[in-house]
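One structure is given below, encoded as structure tokens.
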Amino acid sequence: MSVLTIATQAFLDQKPGTSGLRKKVTVFQQTHYLENFVQSIFNSINAPQGATLVLGGDGRYYNRTAIQIILKMAAANGFGKVLVGQGGILSTPAASCVIRKYQTFGGIILSASHNPGGIDGDFGIKFNGSNGGPATETVTDAIFAASKVITQYQLVDMPDVSLDTLGVSQLGAMTVEVIDAVSDYAELMASLFDFTAIRDLLAGGFRIKFDAMHAVTGPYATEILQHRLGASADSLMNAVPLEDFGGGHPDPNLTYAPELVSIMHADDAPDFGAASDGDGDRNMILGKQFFVTPSDSLALLAANATLIPAYRGGLAGVARSMPTSAAVDRVALALNIPCYETPTGWKFFGNLMDAGKVTLCGEESFGTGSDHVREKDGLWAVLFWLNLIAARRQTVAEIVREHWAQYGRNVYSRYDYEALPTADAQAVMAHLLASFATLPGQQFGKYCVQHSDDFSYTDPVDGSVSTGQGIRILFVDGSRIIVRLSGTGTEGATLRIYLEAYDVDVANHHLDAQVALAELIQAALQITQLQQLTGREQPTVIT
Ligand code: G16
């Protein structure tokens with residue numbers, strides 16, 4: 001086996017964001033760009049000689065090319081074995097499941113998640129550790145540091161490996177095992193949920209619609225929902241993965257899943273609708289003419305967890321990212337279990353789950369999951385909902401409204417301003433930071449500012465500190481406005497404004513969130529000076 005050592009020069013823009021390195025495909029296609037980052041991973045993770053890795057991606061454009069490069073580099077860097085999903089495919093939660101099940105050293109996941117794909121779209125890469133979760137900031141900082149001083153990388157000079165046939169082949173001294181991308185994950189799901197109850201629900205005429213958005217969950221949903229649970233073929237839409245996601249934006253929300261949203265708002269809508277994203281870790285839940293906000297979904301799953309076989313014994317604790325609404329905090333209080341508030345990014349939940357402090361976690365960005373893996377998990381959330389509906393035999397809307405009546409409603413919305421010039425977005429953040437001294441005590445309509453700060457987090461397990469995690473404007477009545485810059489965009493800057501108001505009055509619970517939040521939205525625009533500083537009149541996406 002001949003190992004080639006290639007001289008290279010550092011790229012200075014390889015800092016991992018909220019979830020790995022995400023860039024335009026054309027950036028990754030530059031000579032040495034992908035190789036530099038992969039070698040920087042290998043130079044930072046201290047893998048023992050002969051270690052096993054998991055490798056797979058969401059199937060987007062450039063996935064197959066990248067997998068061949070990474071395999072050859074892994075062989076040259078002393079790995080003993082790589083488990084690759086068939087066709088180079090593994091959803092993000094399935095990759096986490098495989099890392100854990102086969103106790104590998106870690107894995108490399110290729111995905112830009114919900115970002116568009118195709119030759120003009122985005123690509124991404126991240127390293128997950130042996131717990132199956134995204135590398136912590138300590139590791140991603142080390143990878144970034146290594147990427148700035150890299151001078152060479154190594155790969156074996158050998159032909160490509162076949163990725164389409166299950167089985168074992170050799171790449172020099174390293175074994176490549178192509179594994180079924182779906183079966184380990186499907187078995188894990190069957191072990192968590194009451195498949196018999198869900199099968200009975202569906203056989204009894206409960207109609208569902210799952211939109212795979214031409215992304216990675218197509219084969220998983222076909223196996224689990226259709227083959228194992230008996231859903232009809234027309235329960236699935238866009239279930240064939242495509243390299244460019246059919247030209248769509250594989251982000252399951254009210255803006256980017258319009259086909260599903262209109263089906264769920266028709267007079268003859270199915271009883272339950274759901275969608276997942278590019279790499280299968282996000283979920284959107286819909287009832288007949290009813291949208292469940294991700295923050296409410298997390299709270300509901302926590303409140304109903306003991307209806308599910310895997311969580312029958314109760315929850316150790318729950319966690320949410322800071323911008324996620326405090327709906328789950330109220331459930332945790334009622335259940336007398338701890339609730340942790342972390343920065344945005346699933347990587348912050350890993351330590352809490354590993355230490356047994358939390359069982360369920362979630363984020364406003366359509367991510368929910370549990371300690372069954374160390375990634376958020378789209379289909380898991382869908383199955384959780386189906387299992388709880390099978391147990392309660394109520395509609396989605398009835399379940400949510402009953403929850404609000406019991407706990408109050410954390411009315412919630414997020415405004416995204418995408419692809420802003422970076423300087424404009426930074427001007428908004430600088431303006432807010434400069435306002436901290438004068439904001440407390442100021443009145444905006446019915447809202448009076450109590451406190452404002454820039455969120456920082458001390459990990460209760462390893463003591464690491466993460467600062468600058470988003471600006472919080474907290475009001476006397478418990479309402480909140482959060483402003484932060486996204487860490488997953490690839491064009492300019494994306495600024496997010498998160499709005500939350502708490503309402504216990506059942507008479508208001510029928511109100512559309514935009515109506516209920518109208519005054520808070522005005523306050524946010526006034527406080528941020530967003531329109532004046534960016535020239536943007538309207539957000540790109542409202543969820
Ligand atoms: C990633 C992270 C999530 C985060 C989301 C949005 O999700 O894993 O934890 O909430 O990005 O992050 P931001 O607001 O910085 O864009 P995914 O689905 O893209 O991997």
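The model shown is predicted, which means the values in this text are computed figures rather than measured ones. Start at 1 and go down the list; that is how both ligands and their atoms are numbered.
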Within the distance-only criterion (no hydrogens, no angle test), does the side chain of [X] pair as donor or acceptor with the backbone N or O of [Y] below 3.5 angstrom?
X: Q529; Y: Q526; answer: yes
X: Y311; Y: L192; answer: no
X: H403; Y: A303; answer: no

Which residue supplies the protein heavy atom nearest to [atom], what is that atom called, and how far is it?
atom: atom 20 (O) of ligand 1; result: R22 NH2, 2.9 Å
atom: atom 10 (O) of ligand 1; result: S365 OG, 2.7 Å
atom: atom 1 (C) of ligand 1; result: K376 NZ, 3.7 Å
atom: atom 17 (P) of ligand 1; result: S113 OG, 3.1 Å
atom: atom 11 (O) of ligand 1; result: T488 CG2, 3.3 Å
atom: atom 6 (C) of ligand 1; result: R282 NH2, 3.8 Å
atom: atom 3 (C) of ligand 1; result: E363 OE1, 3.1 Å

Nearest heavy atoms of [X] and [Y], plus distance in Å:
X: M429; Y: R484; value: CE-CA, 3.9 Å
X: L517; Y: A501; value: CD2-CB, 3.8 Å
X: M264; Y: G273; value: CE-N, 3.4 Å

| R496 contact mode with ligand 1 (heavy-atom cut-off under 4.0 Å) | side chain
| request: Using a 4.0 Å heavy-atom threshold (strictly under), name the region of T18 that reaches ligand 1: side chain, backbone, both or neither. | output: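 It is the side chain that gets close, since no backbone atom is under 4.0 Å.
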| field | Sub-4.0 Å heavy-atom approach of E375 to ligand 1 | value |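 It does not; every heavy atom stays at 4.0 Å or beyond.
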| field | ligand 1 contacted by G345 (non-hydrogen, < 4.0 Å) | value |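 Distance cut 4.0 Å: G345 passes for ligand 1.
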What are the atoms of ligand 1, with element, lying closer than 4.0 Å to any heavy atom of [X]?
X: D281; result: 18 (O), 20 (O)
X: G487; result: 13 (P), 15 (O), 16 (O)
X: R484; result: 13 (P), 14 (O), 15 (O)
X: T344; result: 4 (C), 10 (O), 12 (O)

When the ring planes of [X] and [Y] are compared, do they come out parallel, tilted or perpendicular, using 30° and 60° as the limits?
X: F349; Y: W346; value: perpendicular
X: F127; Y: F105; value: tilted
X: Y256; Y: H249; value: parallel

| query | Any chance the side chains of D279 and T92 put a donor and an acceptor closer than 3.5 Å? | reply | yes
